[in-house]
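Quick note: numbers below take in every heavy atom, side chains included, and nothing from hydrogens, waters or symmetry partners.
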Amino acid sequence: MRLTVFWQRMYEQFGEAYAQSLAKDYVIEGLGSRTVEGALADGASAKEVWRAVCDAFDLPAAAR
């Protein structure tokens with residue numbers, strides 16, 4: 001998954017403002033207790049991060 005696709009999905013699911021806030025502030029256990037921004041900065045793939053977001057927020061299968 002490309003990073004642009006990742007952000008597109010984040011915006012679709014959470015809205016642009018909340019997606020940015022979530023990425024910056026919300027610590028996700030499935031990402032090693034890191035934020036989305038932290039995980040991406042540490043080299044985690046966009047696909048791995050998206051899966052962790054889906055799990056953390058129990059997004060529907062259609063969003064995954």
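- Residues Leu3 and Leu40 have side chains in contact (heavy-atom distance under 4.5 Å, counting atoms from C-beta outward).
- The nearest pair of heavy atoms linking Ala39 to Val49 is CB-CG2, 4.0 Å.
- Here Gln8 contributes atom CD and Glu16 contributes atom CD; the two are 12.0 Å apart, rounded to the nearest 0.5 Å.
- Within 6.0 Å of atom CZ in Arg34, more than 12 heavy atoms from other residues, nucleotides or ligands are found, so the atom counts as buried in its surroundings.
- Rounding to the nearest 0.5 Å places CD of Gln13 at 10.0 Å from CZ of Arg64.
- Put simply, CG on Asp25 and CD on Glu37 are 8.0 Å apart, with the number rounded to the nearest 0.5 Å.
- Remark: aromatic rings of Phe14 and Tyr26 are distant, center separation not under 6.0 Å.
- For the atom pair CD1 of Ile28 and CZ of Phe57, the computed distance is 5.5 Å after rounding to the nearest 0.5 Å.
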Decide yes or no on side-chain contact (heavy atoms from CB on, under 4.5 Å) for Trp50 and Leu59, but give the supporting numbers first.
-> CA-CA 10 Å; Trp50 180 246; Leu59 297 181; 3.9 Å; yes
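- Rounding to the nearest 0.5 Å gives a distance of 14.5 Å between OG of Ser45 and CZ of Arg2.
- Side-chain contact check for Gln20 versus Met10: every heavy-atom pair is 4.5 Å or farther apart.
- Across Ala63 and Cys54, no two heavy atoms sit closer than the pair O-SG, 4.4 Å.
- The CD atom of Glu12 sits 13.5 Å away from atom CH2 of Trp7, with the distance rounded to the nearest 0.5 Å.
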